[in-house]
Amino acid sequence: MIDELSKQYNPKISEDKWYKFWEENKLFSSKPSQDKLPYCIVIPPPNVTGILHMGHALNNSIQDILIRYKRMQGFESLWMPGTDHAGIATQNVVEKALAKEGLKRQDLGRQKFIQRVWQWKEQYGSTIIHQLKKLGASCDWSRERFTMDEDYSASVAEVFVALYEKKLIYQGNYIINWCPRCQTALSDEEAAHAELQGSLYYLKYPLKNNPLEFITVATTRPETMLGDTAVAVNPKDKRYKQYIGKTLILPLINRQIKIIADASVDMEFGTGAVKVTPAHDPNDYVLGKKHKLDFINVMAPDATMNDAAQKYSGLDRFKAREAILEDLGDLGLLEKINPHTLSAGHCYRCHTIVEPYLSKQWFVKMKPLARPAIEAVKKGKIKFHPQRWTKVYLNWMENIQDWCISRQIWWGHRIPVYYCKNCRQKNPEQGIIVSATKPDKCPKCKSADLFQEEDVLDTWFSSWLWPFATFYWPKESADLKYFYPTSTLVTAPEIIFFWVARMIMAGFEFKKQAPFKDIYIHGTVRDVEGKKMSKSLGNVIDPLEIIDEYGADALRFSLISITSQGQDVYLAKERFEQGRNFANKIWNASRFVLANLKPEEVNEDLCVFFKKEQLDIVNRWILSRFYSTLDKVGKELDGYKFNEAANSIYAFFWHEFCDWYLELIKPQINQKQTQVVMYKVLEKTLRMIHPFMPFITEEIWQRLPQAKNSIMQQSWPHLQKNLINIKNEQLMQTAFEIINTIRNMRAELDVGLQNRVNIKLAFSDKLKQESTQVLFNHIKNLAKIDSLSITEKYTAGVNEYVVLLKDMHIAMPLAGLVDAGAQIKKNQLKIDKLKSEIKNKEAMLDNKNFTQRAPKEIVEAERTKLDDMAGQIAKLEVIINGLR
RNA sequence: GGGCGCAUAGCUCAGUUGGUUAGAGCGCUACAUUCACAUUGUAGAGGCCAUAGGUCCGAGUCCUAUUGCGCCCACCA
């Protein structure tokens with residue numbers, strides 16, 4: 001069977017097969033268990049519109065590693081999957097599809113449009129789920145949730161009502177970020193600021209009393225001047241003191257506006273006089289409230305000018321800007337235009353420049369919610385990994401602003417607010433009924449003429465409940481009790497504010513407990529030049545293509561091995577070759593072991609076997625190295641150092657198990673002890689690799705003679721510290737150096753294999769004590785030498801070579817085979833270097849500060865190092881003499 | 001304007017609380033090749049650890065300043 005295995009690992013044959021096998025055997029499912037501890041991760045729900053990109057691939061690989069690791073460790077391990085309805089994003093996608101039919105959402109009407117979105121969701125919404133499966137994600141798919149599921153929506157409504165009743169939700173007229181294209185309000189986080197090249201326009205406003213005298217104001221958005229209701233100056237500003245309280249004539253509109261004084265005006269900027277447009281600028285809004293100015297809205301929701309803009313009515317905001325500038329120019333009221341870089345908010349979905357816009361919206365009061373969430377992080381109940389994100393989080397939380405949660409779109413959770421027509425006719429501020437379900441009649445006037453709020457909730461208003469709403473909160477289910485609070489959240493830095501912070505707040509508000517204990521923030525995946533990967537830049541590396549070309553295991557392993565501690569990942573496609581090559585190495589090493597395995601020989605428990613059998617040095621060594629690696633990998637995984645864990649595994653498997661161990665045992669492969677150790681180490685290593693590379697490890701696992709079930713059901717290898725032997729490891733390390741030195745020497749001297757070579761080893765005491773005939777044989781074998789002898793002196797006879805330990809790079813061939821002069825010079829340099837180092841070390845060892853403060857092992861190490869160096873000098877001197 | 005991060009081999013990056021001779025992958029050079037694997041093996045070259053000070057017996061690692069990048073937040077109209 002083994003012989004049939006191809007020389008190369010073929011992920012295409014394995015991946016879908018084993019994924020199906022796992023799913024069919026329900027190996028991902030998890031439920032409350034009495035004798036196991038829970039370990040739970042909730043997935044950051046990808047948008048239903050999403051397609052898998054490298055960010056997802058990284059994010060979900062990490063989660064899968066954690067989940068599989070914990071599962072093998074014996075935790076009841078649950079990875080809760082699902083998708084997010086992604087209000088604006090999804091609505092945009094469906095609107096685009098409609099546009100192709102020449103339709104707008106208004107043509108369908110609200111109900112039909114929402115039906116269309118659901119249809120779309122049925123058809124395409126699980127794309128990303130299928131892609132996650134390709135990646136190997138071991139989510140419990142039977143629990144898959146969607147933020148618009150019926151009971152999930154019920155949770156959302158519940159939360160709205162609860163917060164409203166606590167007076168933490170209010171409605172009000174404020175300047176919000178308005179996307180004219182999506183025609184909805186956006187939260188501050190959704191309006192990402194970006195620099196753009198604009199101009200600063202200097203406009204002259206004439207005084208009413210003296211039309212020949214002007215106050216010049218500077219603005220970046222001249223079209224808003226139509227809504228100006230004042231000009232403000234700093235009261236300390238001598239230039240304008242005399243004008244305070246006087247009246248200006250607003251050009252084009254001929255409105256009379258006052259000059260007011262306010263300390264918030266920066267005298268340095270522009271002219272020191274600022275036009276005040278309370279309905280179109282957040283600062284001006286504050287000024288307007290403070291000075292009781294009029295609020296004049298000059299724009300329609302689509303950012304065309306409205307009737308208040310008089311002759312400019314109907315023009316788009318930027319067209320209006322041009323027209324106004326032209327008209328002002330004609331009137332001689334445009335003083336100058338200076339280039340000016342400014343930062344403006346852009347809609348995070350369609351990148352349209354957002355307009356600060358006065359409108360009535362719903363808000364959540366955040367300060368009271370933030371308090372326990374700040375506390376929990378400060379007290380370490382919730383930990384960020386890496387730690388530095390703690391500061392970022394706290395900084396935002398301590399300056400938190402109220403959250404605008406209403407959106408003027410159709411796709412989403414409709415706000416559970418009902419209005420009584422009757423009551424509102426009497427008083428527009430009255431007749432508000434907040435209720436999770438539609439009330440029959442107005443509790444006040446008993447009228448049945450009710451209508452629901454048109455707006456829907458911000459997408460994140462449902463996502464922030466994810467850690468418990470997925471368990472059907474507010475029902476107190478057994479699942480919720482068992483799995484909440486969850487264990488770890490794995491996510492990207494850009495959604496700390498959007499999502500992570502708000503989940504923590506919701507957790508404390510509604511569950512009185514933090515939603516998770518650890519937060520692992522990984523880096524952003526960028527291209528080689530450090531740019532964010534995006535479709536428009538065309539620098540995207542598609543994970544599915546990588547899976548197709550290199551395999552999912554290769555993708556996972558490569559991604560993980562370059563993700564250090566939340567640093568951003570600069571990714572080049574070649575990076576995946578490393579993962580593919582590693583998979584292939586695992587494949588071939590396993591193929592070798594299996595081909596040489598006598599299944600009846602390996603039916604032994606390693607511990608029992610180890611006791612009755614005296615293992616030789618090589619077998620002892622690989623066991624020691626395996627357990628050292630296992631220990632290290634475990635610690636690294638527990639500390640969220642995924643790249644280090646991956647690299648530890650890689651180094652062990654490739655450079656120790658394959659490069660040395662499998663080579664060393666070839667002559668003794670039929671030996672009983674070698675059979676047992678070779679098999680056991682491979683088998684345990686596969687288990688250790690499984691969380692990282694699930695498919696290939698399963699494929700090989702299934703071919704092991706003792707294989708039972710799935711590798712997923714195996715336990716994480718038990719750490720046997722008694723088998724770790726550092727001295728043995730060091731000894732072997734020395735042996736490897738000897739072998740390499742000899743090999744190197746042979747190559748340098750161009751000694752053919754048939755030529756007789758005798759090697760004398762000049763040993764340090766340590767090696768002599770521990771050396772065994774077995775080790776000698778290994779050295780002879782691998783270095784292909786005929787005889788090996790020990791000498792105390794550093795001399796060699798004819799046709800013999802001396803290898804000096806602890807100074808491996810000097811091999812001294814006799815009979816003038818190398819340039820003696822160069823060798824002498826080289827060695828003399830080394831002696832000089834060593835001498836100066838010895839001087840330093842001696843000074844150090846004389847210093848009481850060092851000998852008292854430094855750990856004993858280190859002092860000891862320094863001492864032996866000093867001795868070694870002295871010994872080396874002696875050897876080098878002998879060599880130099882020999883060469884002369 | 002505030003905050004955070006980064007600067008180590010040609011390239012991309014590791015380097016745990018300061019402590020043996022600063023590492024890996026890729027790339028490069030030479031050699032090897034029926035013996036698990038060319039998606040391979042062995043060896044080699046290549047580092048004033050950004051700069052300048054400081055603390056310490058000892059600094060890539062800690063402190064201060066400087067320079068150059070990157071990111072996040074913020075209402076300079």
Side-chain angles (χ1 to χ4, degrees), chain A residues 2 5 7-9 175 188 192-193 200 217-221 224 232 264-266 268-271 273-277 281-286 340 342-343 356 386 388-389 391-392 395-396 399 493-494 496-497 524 526 528 530 532 550 554 558 561-562 564-572 574-575 577-578 580-596 635-636 639 641 643-644 647 650-651 655 658-659 662-663 666 739-741 743-744 747-748 750 837 840-841 843-855 857-862 864-865 868-869:
Chain A
I2 301 306
L5 291 184
K7 282 185 162 192
Q8 268 134 39
Y9 169 60
I175 299 267
D188 291 341
H193 281 252
L200 194 55
V217 296
T219 178
T220 55
R221 292 186 297 150
T224 62
S264 69
V265 177
D266 180 357
E268 307 296 319
F269 189 87
T271 60
V274 54
K275 63 194 259 322
V276 183
T277 325
D281 185 278
N283 294 318
D284 296 3
Y285 176 84
V286 175
H340 182 72
L342 61 145
S343 88
R388 64 187 149 91
W389 294 107
K391 268 191 184 175
V392 178
N395 188 39
W396 187 73
N399 297 297
E494 54 264 33
I496 291 180
F497 306 138
T524 308
R526 300 172 183 282
V528 191
K532 236 180 185 170
Y550 299 97
S558 288
S561 71
I562 56 178
S564 63
Q565 278 294 288
Q567 216 51 42
D568 283 359
V569 175
Y570 287 34
L571 195 65
E574 295 74 45
R575 210 64 217 220
E577 286 174 14
Q578 191 194 349
R580 178 201 55 186
N581 294 356
F582 187 46
N584 201 49
K585 193 73 181 177
I586 296 171
W587 180 251
N588 276 300
S590 306
R591 208 159 63 93
F592 173 76
V593 170
L594 292 176
N596 288 288
K635 282 177 183 151
E636 286 160 344
K641 294 175 179 175
N643 69 317
E644 288 176 34
N647 293 337
Y650 181 91
H655 297 307
C658 293
D659 288 353
L662 292 184
E663 293 303 325
K666 274 177 185 172
I739 292 167
N740 283 339
T741 306
R743 278 176 177 166
N744 210 22
E748 212 172 292
D750 198 20
E837 267 178 45
N840 287 339
K841 288 264 182 289
M844 186 169 142
L845 285 164
D846 283 344
N847 192 306
K848 278 180 191 159
N849 270 329
F850 172 65
T851 45
Q852 283 165 12
R853 277 196 229 152
E857 312 88 71
I858 285 164
V859 177
E860 211 37 57
E862 290 296 331
T864 50
K865 198 184 152 198
D868 281 353
M869 288 196 296

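Not measured: the values here are computed from a predicted model.
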Asker: Can any side-chain N or O of A:Asp281 pair as donor or acceptor with the backbone N or O of A:Thr277 at less than 3.5 Å?
Answerer: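 No.
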Asker: Starting the side chain at C-beta, find the nucleotide from B:rG5, B:rU39, B:rC37 nearest to A:Arg580.
Answerer: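 Taking heavy atoms from C-beta onward, the closest nucleotide is B:rU39.
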Asker: Which heavy atom of A:Asn647 sits nearest to which heavy atom of A:Ser561, and what is that distance?
Answerer: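 Heavy atoms only, the tightest pair is OD1-CB, 3.5 Å.
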Asker: Answer with base, sugar-phosphate or nothing: what part of the nucleic acid does A:Lys666 contact at a heavy-atom distance below 4.0 Å?
Answerer: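 The answer is base, as A:Lys666 lies within the cut-off (heavy atoms under 4.0 Å) of a base atom.
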Asker: Nearest heavy atom decides the nucleotide; on that basis, is A:Asn647 or A:Tyr9 closer to the 5' end of RNA chain B?
Answerer: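 Nearer the 5' end of the strand: A:Asn647.
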Asker: Taking the same atom, P, in B:rA43 and in B:rG23, what whole-Å distance lies between them?
Answerer: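 So the two P atoms sit 15 Å from each other.
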Asker: In whole Å, what is the span from the CD atom of A:Glu636 to the P atom of B:rG15?
Answerer: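 Interatomic distance, CD of A:Glu636 to P of B:rG15: 11 Å.
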Asker: Need to verify one output field. Residue with the more 5' nearest nucleotide on RNA chain B, A:Glu577 or A:Cys658?
Answerer: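 It is A:Glu577, whose closest nucleotide lies nearer the 5' terminus.
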Asker: Kindly say if A:Lys585 contacts the phosphate of B:rG41, meaning a side-chain N or O under 4.0 Å from OP1 or OP2.
Answerer: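 Looking at the OP1 and OP2 atoms of B:rG41, one of them is under 4.0 Å from a side-chain N or O of A:Lys585.
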Asker: Take atom CG of A:Asn283 and atom P of B:rA74, then tell me their distance rounded to the nearest Å.
Answerer: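 These atoms are roughly 13 Å apart.
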Asker: B:rG60 and B:rC71: how far apart are their C1' atoms, nearest whole angstrom?
Answerer: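 Each nucleotide's C1' atom is 24 Å from the other's.
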Asker: Expressed in whole Å, how much space separates the C1' atoms belonging to B:rG1 and B:rG46?
Answerer: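 After rounding to an integer number of Å, I get 44 Å for this pair.
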Asker: From C-beta outward on A:Phe269, which listed nucleotide comes closest to its side chain: B:rC4, B:rC76, B:rG25?
Answerer: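 Nearest to the side chain of A:Phe269 among the choices is B:rC76.
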Asker: Taking B:rU61 as the reference, what is the distance to B:rG3 when you measure between their P atoms (whole Å, please)?
Answerer: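 These two P atoms come out 23 Å apart once rounded.
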Asker: Shortest non-hydrogen contact from A:Asp659 to A:His655?
Answerer: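 Taking every non-hydrogen atom into account, OD2-ND1, 2.9 Å.
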Asker: Side chain of A:Asn584, heavy atoms from C-beta onward: which of B:rA14, B:rG25, B:rC37 has the nearest atom to it?
Answerer: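 In terms of side-chain proximity for A:Asn584, the closest of B:rA14, B:rG25, B:rC37 is B:rC37.
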Asker: Measuring only between side-chain heavy atoms, which start at C-beta, is A:Lys7 closer than 4.5 Å to A:Arg591?
Answerer: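 Yes. Closest side-chain heavy atoms under 4.5 Å.
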Asker: Tell me: CG of A:Asn399 to P of B:rC75, nearest whole Å?
Answerer: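 Value for this atom pair: 11 Å.
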Asker: Looking at every strand, decide which applies to A:Gln578 at a 4.0 Å heavy-atom threshold: base, sugar-phosphate, or nothing.
Answerer: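 Since only primed, P, OP1 and OP2 atoms lie under 4.0 Å of A:Gln578, the category is sugar-phosphate.
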Asker: From A:Phe592 CZ over to A:Lys666 NZ, what is the distance, rounded to the nearest 0.5 angstrom?
Answerer: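 If I round to the nearest 0.5 Å, the distance is 5.0 Å.
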Asker: What distance, rounded to whole Å, do you find between the two C1' atoms, one in B:rG10 and one in B:rC73?
Answerer: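 Straight-line distance between the two C1' atoms is 37 Å.
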Asker: From B:rA36, B:rC76, B:rC75, pick the nucleotide closest to the side chain of A:Pro282?
Answerer: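 When the side chain of A:Pro282 is considered, B:rC75 is the closest of B:rA36, B:rC76, B:rC75.
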Asker: Within 45 degrees of the axis of the six-membered ring of A:Tyr650 and under 6.0 Å from its centre: does A:Lys585 put its NZ or CZ there?
Answerer: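 No, A:Lys585 does not lie over the aromatic ring of A:Tyr650.
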Asker: Measure from the side chain of A:Val274, starting at C-beta and using heavy atoms only, and say which of B:rC73, B:rA77, B:rA36 lies closest.
Answerer: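 That would be B:rA77.
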Asker: From the list B:rC37, B:rG5, B:rU39, which nucleotide is the closest neighbour of the side chain of A:Gln8?
Answerer: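 Ranking B:rC37, B:rG5, B:rU39 by closest atom to the A:Gln8 side chain puts B:rU39 first.
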Asker: In whole angstroms, how far is the C1' atom of B:rC35 from the CZ atom of A:Phe592?
Answerer: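 Between C1' of B:rC35 and CZ of A:Phe592: 9 Å.
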Asker: Respond yes when some side-chain nitrogen or oxygen of A:His340 is under 4.0 Å from OP1 or OP2 of B:rA77, and no when none is.
Answerer: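 Answer is yes, contact under 4.0 Å.
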Asker: Would you say a side-chain N or O of A:His655 is under 4.0 Å from OP1 or OP2 of B:rG25?
Answerer: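 Result: yes.
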Asker: Side chain of A:Asn584, backbone of A:Arg580: donor and acceptor closer than 3.5 Å?
Answerer: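 Checked: no pair found.
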Asker: Where the side chain of A:Asn395 meets the backbone of A:Lys391, is there a donor-acceptor pair that is under 3.5 Å apart?
Answerer: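 Judged by distance alone, no pair lies under 3.5 Å.
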Asker: Quote, to the nearest angstrom, the P distance that separates B:rU66 from B:rU40.
Answerer: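 Rounded to whole Å, the distance is 48 Å.
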Asker: Distance between the P atoms of B:rC63 and B:rA59, in whole angstroms?
Answerer: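 Their P atoms lie roughly 15 Å apart.
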Asker: List the atom of A:Ala232, the atom of A:Val265, and the distance in Å for their closest heavy-atom pair.
Answerer: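 Taking every non-hydrogen atom into account, CB-CG2, 3.8 Å.
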Asker: Given B:rU39, B:rA14, B:rC72, identify the nucleotide with an atom nearest to the side chain of A:Asn643.
Answerer: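 The answer is B:rA14.
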Asker: Rounded to the Å, how far apart are A:Asp266 CG and B:rA77 P?
Answerer: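 Checked: the CG to P distance equals 10 Å.
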Asker: Taking the side chain of A:Asp281 as heavy atoms from C-beta outward, which of B:rA77, B:rU39, B:rA14 is closest to it?
Answerer: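 The answer is B:rA77, which lies nearest to the side chain.
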Asker: How far, in whole Å, is B:rG18 from B:rC56 if one measures between their P atoms?
Answerer: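 About 16 Å, rounded to a whole number of Å.
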Asker: Report the distance from atom CG of A:Asp284 to atom C1' of B:rA77, rounded to the nearest whole Å.
Answerer: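 For the pair A:Asp284 CG and B:rA77 C1', the rounded distance is 7 Å.
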Asker: Using a 3.5 Å limit for the pairing distances, which stems of at least 3 consecutive Watson-Crick or G-U wobble pairs does RNA chain B take part in?
Answerer: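 Stems found: B:1-7 with B:67-73, B:10-13 with B:23-26, B:28-32 with B:40-44, B:50-54 with B:62-66.
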Asker: Look at A:Lys391 and B:rG3 and indicate whether a side-chain polar atom (N or O) is within less than 4.0 Å of OP1 or OP2.
Answerer: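 Looking at the OP1 and OP2 atoms of B:rG3, neither is under 4.0 Å from any side-chain N or O of A:Lys391.
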Asker: Please tell me which of the listed nucleotides, B:rC72, B:rG41, B:rG25, lies nearest to the side chain of A:Asp659?
Answerer: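 Looking only at heavy atoms from C-beta outward on A:Asp659, the closest nucleotide is B:rG41.
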Asker: Could you work out which one of B:rU39, B:rC76, B:rC75 sits closest to the side chain of A:Asn581?
Answerer: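 Closest nucleotide among those given: B:rU39.
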Asker: Give the rounded distance in Å between these two atoms: CZ of A:Arg575 and P of B:rC11.
Answerer: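 Result: 15 Å.
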Asker: Under 4.5 Å between any side-chain heavy atoms of A:Thr224 and A:Lys275, yes or no?
Answerer: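 With C-beta onward as the side chain, the pair touches.
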Asker: What is the distance, rounded to the nearest whole Å, between atom CZ of A:Phe497 and atom C1' of B:rA74?
Answerer: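 That distance rounds to 12 Å.
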